[in-house]
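Chain A is the first sequence line, chain B the second, and so forth, proteins listed ahead of strands; every chain is numbered from 1. Owing to the predicted nature of the structure, the values given are computational and were not obtained by experimental measurement.
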Amino acid sequence: MAHELSKAYEPGAIEARWAQYWIDQKLFAVATPPADSTQPVFTLLLPPPNVTGRLHMGHMLNQTEMDIIVRWHRMRGFLTLWLPGTDHAGIATQMMVERQLATEGTSRQQLGREAFIQRVWDWKKHYGGAIFDQMKRLGASVDWERQYFTMDEGLSRAVREAFVQLYEEDLIYRGKYIVNWCPRCITAISDLEVVHEDVPGKLYQVRYPVVGTDDSLVVATTRPETMLGDTAVAVNEKDERYRHLHGKRVRLPLMGRDLPIILDDLANPEFGTGAVKITPAHDPNDFQAGLRHLLPQIDVMDETARMNENAGPYAGLDRFQAREKILADLRQQGFLESERDYVVPLGKCDRCKTVVEPRLSTQWFIKVAPLAERAIEAVEKGEIRFTPENYAKTYFEWMRNIHDWCISRQLWWGHRIPAWRCPECKTIVVARETPARCTNCSGSALEQDPDVLDTWFSSGLLPFTALGWPEKTRDLEVFYPTTLLITGFDILFFWVARMIMLGCHFMAGNAKGSVPFTEVYIHALVRDSERKKMSKTKGNVLDPIEIIEQYGTDATRFTLAAMAAPGTDIAFNPDRTDGYRAFANKIWNAARFIFMNVDRAQQAGIWSLDDFRKVLPGGKPTASVRGFQAVTLEDRWILSRFNSTTQEVQQALEDYRFHEAANQVYDFFWGQFCDWYIELIKPRLSLGDSSAGAVRTACQNLVSLFEAALRLLHPFMPFITEEIWHAVYDGKPALLSVALAAFPAPDPAQSDVDAETGMAILQDLIVSVRTLRADLKVEPRERVPVQVFANTEVRSLVEQNRGAVERMANAEKVTFVEASLAKLPGARSTARFEVRVVYEKKIDAAAECQRLQKELERSEKELENAERQLGNTQFLSKAPPQVIDGLRQRSQELTVLREKMRTAMKELGCGV
RNA sequence: GGGCGCUUAACUCAGCGGUAGAGUGCCAUCUUCACACGGUGGAAGUCAUAGGUUCGAAUCCUAUAGCGCCCACCA
């Protein structure tokens, strides 16, 4: 039979099969819709992984969240585009290939620029797809037909266009400034690519003799090697101590140059001696001071941070060796006044952790202030909404203190800057296509700027360039602005903030809005089970692929979803995944149970899956549950529960509370559908106990509800649901995939409060009997009589469901009594009923007394509390009525309970 | 130097003004014809500390302690 499931749930085979199926069927490919389409659109841009990337837990979390949201929207009828691509990742990729070259005993310099770039393309061709192969295993429902790469011809053209436009608008400029320089990567990097770290170091005080006097000025520095490039010493004009030195000069030790003493507010009289050395070529503050005072800029290092010819006797030394040598010389010549321990803030290269050197060089910059202004406004005005909200604060903080963005990199791999220099007249020509002649002197020997652009420049443009900009494409019209962005906070500034600035700028005036996306969901970090950050050096990195192989993709995805509470980091514990694998197994077996019964019914000629399909319009499931006939209390109850679960899941997903949605579905399947509904429906499925009509209804109900529940679960566990769902349709579904079926929608008509309270009473009664049996140590196989004392309402409820109660509670017979049972042995009281298990075996009076005592104490404490509140006029006048009513009712229940327990204890002879 | 977050059952975490929750683990028990990746029952928490606001605080405010993160050109 086509709907047969293997006995054991084995995710590996199932998942591989469906992942391939989804791709082969091009299930998630989205065609550009025609002009008259009215279908609502949902667009999500996949944060493009680096081509060099390997899937890690952070990706996996990100992918899971995106896939849940995407599948959910698709099932609700949105035209859903999830657009994938990879980033060329300038530095990262170049380093990777350079490392490879090194093992071959060569280097990029030996190869030359053109051959090197070719080499990177070759590398990309061979290895660049690795991360997407991994993504496919996760079941990510992206449109694989639309993959882009940030260095594709189209995107490269868009990058040039954007650069030229910004240049023409005077938002890009070129100039000689102090930038962060990595002497290992031999390139400029942006502020964001510098990681700050406080390290123990020293603060040195160096004495600079005042020329023509016996006096001297003492300056402090943490980086003595830069003194070789000093071109002044500054004191504050208001600093009385140095008034007599105004206009004088000092002699720079070791170098013997004379430096002016300048007056500048940079010198803080409160700090150190109040005098500060000025090194315009090696410090950003000094650089500014140098401009103010027209000081020379003496660069004493080369691009690898070795001392250069300007460093006199220190030329050729590495910067740190130079420091030691300079200190030794200062000490020897008596210029070193003091040295003391000092915590030094160090900037390191984000990529290679080399200490960054502030370096004077000519670079390209984006003037960000005007862009930031609009980017702030977009969030302030609610055009973009952050979740969790407090990330907006972080965003504002950063945007308001933003510095110009250095976008040129001295690399080979990347988008080459579209600027050419005329060697004749030194003019810089910026153009979309390679210019033939200099615009100034018509010289034809133009040389292109050797630098490339920061990777983040091109990725910052993606929301529109990936849709065809600068062409006015239909895709751009339909899919921009994208709906949502889901990403980690680590690239909030690198990427999110830049997309907002660039999107608002380039798409200004767009009919549907200029912002690149309207919603941003920022997720936290995945840490190890001890909440430690995963890192290679700590050796605590969990490989998602290994976890998947062990527990299955569905269980791994579910773990991440169930733990993804907004705003808190996830401590990933594989034990949890083990638990969710058990959950998948539970669903699997529920399906097997259902199919087993359906087969039986089919063989008896009563009902088959064809009958189920017939109740669906066109054989396709609808958003509601079709074919379900609520005849019994448990039917009404499970339908009502399903409806509220649907409601809760929808609300949770709308708010990106993935953990809540996952927990709702989990509890519904296991705690409600399996634990109660399936157990309750069992007798109705057997022809021996029920009529053919009843069996038919039971099968129909089981299948239709389960099928709808599979659709509810699908975004979370796409593989197992796909497998079982196809089985429900006997391998002949009217749709290619459950992923294309309708997501269950809440339906108020299915809500049934009476059924829910009724079931709650029955469940309470059944659990009470089970507990009593356990307390009385009744043999598990033995069925014992049960007595119930209750009001007519509860009594008729129990009477109507007597069979269910007897079976579920393993009772021989439920009988009703007319008098209180509280004082009899083996009884238990609740507010709504008293129940007794009639069992002659002697009960353990001491244990029972202990239990009653404990419960009594708890009740009394609560009662006391309630009465105190109810006696408080303030409470009565200020608390909401439903709270007061609730408390009154509870107080009455507790009073009754207390009496019952006291009676019982007295009868037992507990020492009261 | 600024800014932000966390501290709840043995563990990992939810809850964030109206009677303390989940999963795992633990204890007992059961191989009953979907599932031992299971069923049933149970034990387990002065919700970091000290004040305050409130009729009422794990939940809001303030301070303290511990842990963590982000941003920053003070020598």
Side-chain angles (χ1 to χ4, degrees), chain A residues 5 7-9 178 191-192 196 203-205 219-223 226 234 266-268 270-279 283-288 342 345 347 358 390-391 393-394 397-398 401 403 489-490 492-493 524-525 529-531 533 551 555 559 562-563 565 567-573 575-576 578-597 657 659-660 663 666-667 674-675 678-679 682 767 770-775 777 779-781 810 858 861-862 865-866 868-869 872-880 882-884 886-887 890 894:
Chain A
L5 300 178
K7 183 142 197 293
Y9 164 62
I178 295 268
D191 293 348
L192 279 179
H196 292 93
L203 183 68
Y204 304 97
Q205 294 207 320
V219 298
T221 181
T222 55
R223 305 178 57 217
T226 64
L266 180 62
N268 175 3
E270 309 289 310
F271 187 92
T273 59
V276 57
K277 67 191 215 44
I278 303 292
T279 322
D283 180 279
N285 280 320
D286 295 5
F287 174 78
Q288 291 301 334
Y342 194 72
N390 63 326
Y391 279 107
K393 248 196 262 175
T394 313
E397 196 64 30
W398 187 74
N401 299 301
H403 290 80
F489 68 84
D490 50 329
L492 182 60
F493 306 135
L525 229 56
S529 59
E530 268 132 43
R531 299 205 122 267
K533 220 171 179 169
Y551 304 104
T559 310
M563 302 196 71
T568 40
D569 286 347
I570 293 175
F572 192 94
N573 186 351
D575 288 350
R576 276 294 278 272
D578 201 26
Y580 290 122
R581 186 191 150 127
F583 174 55
N585 186 60
K586 185 81 182 174
I587 294 165
W588 185 262
N589 281 292
R592 285 182 52 230
F593 172 78
I594 293 169
F595 290 137
M596 190 184 81
N597 283 283
R657 298 196 314 266
H659 69 295
E660 231 173 87
N663 287 329
Y666 179 94
D667 185 56
C674 289
D675 286 352
I678 286 187
E679 290 308 321
K682 275 179 178 172
V767 170
R770 286 169 175 171
T771 309
L772 282 167
R773 289 177 55 101
D775 286 352
K777 305 251 186 311
E779 284 298 316
R781 286 165 173 282
N810 202 11
R858 204 184 317 150
K861 205 171 144 198
E862 199 188 329
N865 234 320
R868 187 163 39 79
Q869 280 200 74
N872 186 329
T873 50
Q874 296 270 43
F875 171 74
L876 294 175
S877 63
K878 288 188 180 170
Q882 62 269 35
V883 172
I884 299 172
L887 201 64
R890 182 69 189 149
L894 284 167

Exercise. Is the distance between the ring centroids of A/Y551 and A/Y580 less than 6.0 Å?
Worked result: no
Seminar exercise, completed: Answer for the Watson-Crick or wobble partner of B/G21, both distances under 3.5 Å, is B/C13
For this session: Would you mind pulling out the nucleotide paired to B/A28, Watson-Crick or G-U wobble, both distances under 3.5 Å?
Result: B/U40
For this session: Considering only atom C1', compute the distance from B/C60 to B/G17 and round it to an integer number of Å.
Result: 8 Å
Exercise. Without hydrogens or angle criteria, can the side chains of A/N573 and A/R576 be said to hold a donor-acceptor pair below 3.5 Å?
Worked result: no
Seminar exercise, completed: Scanning all shown strands, the Watson-Crick or wobble mate of B/C60 with both distances under 3.5 Å is B/G52
For this session: Could you check how far CH2 of A/W588 sits from C1' of B/A36, rounded to whole Å?
Result: 19 Å
Seminar exercise, completed: Judged by nearest nucleotide, the residue sitting upstream toward the 5' end of RNA chain B, A/V883 or A/L192, is A/V883
Problem set entry | Ring centre gap for A/Y204 and A/Y342 strictly below 6.0 Å | no
Exercise. A/P880 near the nucleic acid: base, sugar-phosphate alone, or nothing, with a heavy-atom cut-off under 4.0 Å?
Worked result: base
For this session: Using both distances under 3.5 Å as the test, list the Watson-Crick or G-U wobble partner of B/C33, or none.
Result: none
Exercise. Who does B/G66 pair with, Watson-Crick or G-U, both distances under 3.5 Å?
Worked result: B/C6
